[in-house]
Amino acid sequence: MPDRDVDLFVIGAGSGGVRAARIAAGYGARVLIAEENRVGGTCVIRGCVPKKLLVYAARYADDFQDAAGYGWGLSTPTFDWAHLIANKDREIARLELAYSTALERAGVTIVKSRAVLEDANTVRLSGGEKIRPKYILIATGGAPWNGPEIPGFEHVISSNEAFHLQELPSRILIQGGGYIAVEFAGIFNGLGSEVTLVYRGENILRGFDNDVRAHLRAEMEKRGINIICGKIVKSVQCTQDTFTATLSDNSAFEVNKVMFALGRWPNVTGLRLEDSGVQFTRKDGVAVNDFSQTSVPHIYAIGDVTNRINLTPVAVRDGHAFADTVFGNKPTPVDHKEVPTAVFSEPEVGVVGLTEAEACERLGRVDIYKTSFRPMKMSLAGRDTRAFFKLVVDARTDRVVGCHIVGPDAGEMIQLAGIAVKMKATKAQFDSVMAVHPTAAEELVTMREKALSIERQAAE
Ligand SMILES: Cc1cc2nc3c(=O)[nH]c(=O)nc-3n(C[C@H](O)[C@H](O)[C@H](O)COP(=O)(O)OP(=O)(O)OC[C@H]3O[C@@H](n4cnc5c(N)ncnc54)[C@H](O)[C@@H]3O)c2cc1C
């Protein structure tokens, strides 16, 4: 494609880049998208999708056990990791093809190449070809952060490799306390591995509501996951087929795999953005305005590379809004507030809005409603697990500003509760909704007793 024909050059065919390219092409733009790995990006190839498939696999372990309480007799179930991974890989290949086909049908040209900036107006492909598009969109996503260098780091895997292990490790040590770490802890635990989770902070899921963190930790520990907080892995030694991970207190764990899930970092290395005048945030993300425009007017950036809220729906919304703004003549800012999100841990977590601590700091007067109970399905199953629901309410306006759920289907529930929170529903409006009985979700509209009324000096 000659350079004068390109209106938009998208670097990165992940969630955000694919959406932006398709919508821009739909507005008649001539679009080229470069991908150095596989079309679909992190979410489809090595993130949300393969992760959720492994979560489904792991949850069968409970289902088989719980079925007995409901009268089912089962011979001892067996599990075949290689079979699961092969099926998962087939599904990922199908999705990759579907993404490529959708791009091609929209008229987007896909280039399977790394792309970097030669200067502010020129993109260079790995074969040396140079293209001068009207607009450049940086949609290069993020990559696992390795943490400080430690002896034996070469033996450590990240989530990227965890999806392709030859066999299920019988013992695994995972370092990290974020959502990817707790999700993989649940996956390996469910599939039968002995799991140790090591996190340097005081409790897992930093940034989530403290009650959610405490509840999830207790539930994970009940399932036999060994959670060690306040420590880090200081070295990993390979001894024949096993690894010895030594922690900061010199305790040592012999395991079959060591995985680090220490967070993710914007993929900007070697892109030469700074030479083109693109500025960065303090978190090393590409700095953008509300319309995803960088400090260089014809260069835009969306999704994880901006390191704001690193979730697929955010990257997709950023990409769509960018195309509407630049090619659809509809300037569309993206609202990054009150983004509902789920952690596919065991049990699941779903949250939207402010935590209790954030609400106290911002609002001053806050009412808290919370409840913990044994979900009905667990009664005949005889499973010792509890669900947790919490509403954070602005005491001055009665508005529900936060909703936090831990328990089965929390991710499904929070999508719906998110609509009410985004619409600024009040607690009285929640309560006016008739309960759906018998469900767990009915707790959202039946919590009448305040657990706490907090009054503090508000920050704003
Ligand atoms: C294990 C895991 C689980 C996750 N689970 C969830 C979840 O449950 N829900 C959720 O919402 N989010 C989840 N995420 C996050 C989600 O995957 C990301 O937020 C999302 O993929 C970001 O989209 P993006 O378009 O910004 O970047 P990406 O999807 O990362 O796409 C960027 C693409 O750019 C390519 N690229 C990079 N540099 C270049 C270059 N120079 N030239 C050409 N191509 C380049 C990369 O190969 C990649 O394909 C998960 C992430 C991980 C790692």
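One-based numbering, in listed order, for ligands and for the atoms of each. Atom set for the values below is all heavy atoms of this structure, side chains included, hydrogens, waters and symmetry mates excluded.
In terms of polar-atom proximity, defined here as any N/O pair under 3.5 Å, Arg46 makes no such contact with ligand 1. At least one N or O atom of Ala115 sits closer than 3.5 Å to an N or O atom of ligand 1. Any N or O atom pair closer than 3.5 Å counts here, and Gly16 shares at least one such pair with ligand 1. Of the N or O atoms in Ser159, none lie within a sub-3.5 Å distance of an N or O in ligand 1. In terms of polar-atom proximity, defined here as any N/O pair under 3.5 Å, Arg264 makes no such contact with ligand 1.
For atom 17 (O) of ligand 1, the nearest non-hydrogen atom from the set Cys43, Gly14, Gly303, Gly47 belongs to Cys43. Across the listed options Lys51, Lys52, Glu36, Lys51 owns the non-hydrogen atom lying nearest to atom 8 (O) of ligand 1. Of the candidates Ile11, Val116, Asp318, Asn267, it is Ile11 that places a heavy atom closest to atom 40 (C) of ligand 1.
With a heavy-atom cut-off of 4.0 Å, Ser113 touches ligand 1 through its backbone alone. Contacts of Ile180 with ligand 1, taken as heavy-atom pairs under 4.0 Å, involve the side chain alone. Of all the heavy atoms of Ser15, the ones lying under 4.0 Å from any atom of ligand 1 are found in both the backbone and the side chain. In Glu183, neither the side chain nor the backbone holds a heavy atom less than 4.0 Å from any atom of ligand 1.
Applying the side chain to side chain contact (heavy atoms under 4.5 Å, CB included) criterion to Glu442, with sequence neighbours excluded, gives Ala435, His437, Pro438, Thr439. Taking Val326 as the reference, Tyr135, Tyr300, Phe322 meet the side chain to side chain contact (heavy atoms under 4.5 Å, CB included) condition, with sequence neighbours excluded.
In terms of protein heavy atoms, atom 47 (O) of ligand 1 is closest to Glu35 OE2, 2.6 Å. Taking atom 26 (O) of ligand 1 as the reference point, the nearest protein heavy-atom neighbour is Asp304 N, 2.9 Å.
Between Gln175 and Met259 there is no side-chain heavy-atom pair separated by less than 4.5 Å.
Checking Val195, Val55, Leu168, Leu53 one by one against Ile187, the side-chain contact (heavy atoms from CB on, under 4.5 Å) holds for a single residue, Val55.
Checked against the 6.0 Å centroid criterion, the rings of Phe373 and Phe389 qualify as a close aromatic pair.
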